[in-house]
2 protein chains.
Amino acid sequence: MNDQDRRSMPLFSIGIVMKLTELTARQIRYYEANDLIAPERTKGNQRLFSFNDVDRLLQIKDLLDKGLNMAGIKLLLDEENKETPEEAPKKEKKTPANLTDKELRGILKNELNEAGRYGKASMRQGELARFFIKH
Amino acid sequence: MNDQDRRSMPLFSIGIVMKLTELTARQIRYYEANDLIAPERTKGNQRLFSFNDVDRLLQIKDLLDKGLNMAGIKLLLDEENKETPEEAPKKEKKTPANLTDKELRGILKNELNEAGRYGKASMRQGELARFFIKH
DNA sequence: ATGAAATGTTAGGTTATTTGACATATAAAT
DNA sequence: ATTTATATGTCAAATAACCTAACATTTCAT
């Protein structure tokens, strides 16, 4: 079992994730409904979150604080998880606006940098996993 | 928050611990009843296990495989967790037999070494935490 | 004002966990 | 060869935790 396996192992109930992230169950479920996370389920359909999921939730929280909406967050997070292209299976999804994905991402990243200048200390990517998982 | 805090943070439900340790709920509760572990509880009285707890369960499983009983396991595990004596509060508990604690521990450790010679590969102490927690 | 986005709140149903009792298998002691 | 102790299985009733869905509230941009 490698590090990525460990990070994606479904371990935490929603109650624990609430404490780890200080998000409400309502928020967590809402983000799932908007495809920002996709936690596993038990046989009985209850959510089970991995380190990666919790990490992602912390990032989502951070980006929300900076004023992003679901669509923006999704774009950014999907972007980051695409940084490691193995075979690069080409299949771009269409954005609602008449901007190209690239244009949109550029705008978003600029805005984020702005926010970073005076916003609260940003929780960098992978915070929780770094906290718990050996590298 | 330091490493020991992370290791002792109550995170896992009994269902997850069953999968992580391949013990049944009955076994886990039995070991608790025999004071081999002492997981935290939620407000609603449900068990919440830490990395340390899971680690300990893996050790218990290993020692059971080697033929130890609850009393022997308790002695050994308490021993190991006493290796870091801060102020050494003297308060020895009496064993049922007419052997001193030291004698008993000596016997147990010898038997363990014997078992180690041909038994299955032993899960060393701290296995799970080492697996997940950064040092 | 209107509308959309994010979150709160409540209700009814399902799943997971708890304790306790009794059963079973095996090993140890008599 | 019985008896006794140990470890675990199984079942039941009670409760905690979680699920979805609906409706309410807040905030912010039009």
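Letters go in sequence order (proteins before strands), and every chain restarts at 1.
Dashed line: the shortest gap from a side-chain N or O of B:S13 to OP1 or OP2 of C:dA16 is not under 4.0 Å. Neither OP1 nor OP2 of D:dT15 sits under 4.0 Å from any side-chain N or O of B:R41. In this structure, B:Y31 reaches the D:dT8 phosphate: one of its side-chain N or O atoms is under 4.0 Å from OP1 or OP2. Within the structure, a side-chain polar atom (N or O) of B:T42 is placed less than 4.0 Å from OP1 or OP2 of D:dA17. One finds no side-chain N or O of A:Y30 lying less than 4.0 angstrom from the OP1 or OP2 phosphate oxygen of C:dT7.
Between the NZ atom of A:K74 and the P atom of C:dA5 there is a distance of 16 Å, rounded to whole Å. Between the CZ atom of B:R47 and the P atom of C:dA16 there is a distance of 17 Å, given to the nearest Å. If you measure from atom CG of A:N45 to atom P of C:dA16, you get 9 Å, rounded to the nearest angstrom. We find that CD of A:E32 is positioned 14 Å from P of D:dC18, with the value rounded to whole Å. At whole-Å resolution of the value, CG in B:L63 and C1' in D:dA7 are 15 Å apart. One interatomic measurement links the two molecules: CZ of A:R26 to C1' of C:dA5, which rounds to 11 Å at whole-angstrom precision. The distance between atom CG of B:N69 and atom C1' of C:dT26, rounded to the nearest whole Å, is 14 Å. What separates CG of A:L36 from P of C:dT7 is a distance of 10 Å, to the nearest Å.
Which of D:dA16, C:dT15, C:dG8 sits closest to the side chain of A:T24 comes down to C:dG8.
Each of A:D78, A:D35, A:D62 was evaluated against A:R56; a single residue qualifies, A:D78, per the salt bridge (charged side-chain N to carboxylate O under 4.0 Å, His left out) test.
At a threshold of 4.0 angstrom between heavy atoms, the contacts of A:Q46 include nucleobase atoms, whether or not backbone atoms are also involved.
For the pair B:N34 and B:G44, nearest-nucleotide mapping onto DNA chain D gives the more 5' position to B:N34.
A cation-pi geometry, defined here as NZ or CZ lying under 6.0 Å from the six-membered ring centre and within 45° of its normal, holds between B:R6 and A:F131.
Closest non-hydrogen pair, A:L48 versus A:S13, comes out as CD2-N, 4.1 Å.
Side-chain contact check for A:M1 versus A:M9: some heavy-atom pair is nearer than 4.5 Å.
Judged by distance alone, the side chain of B:D55 and the main-chain N or O of B:A129 form a donor-acceptor pair under 3.5 Å.
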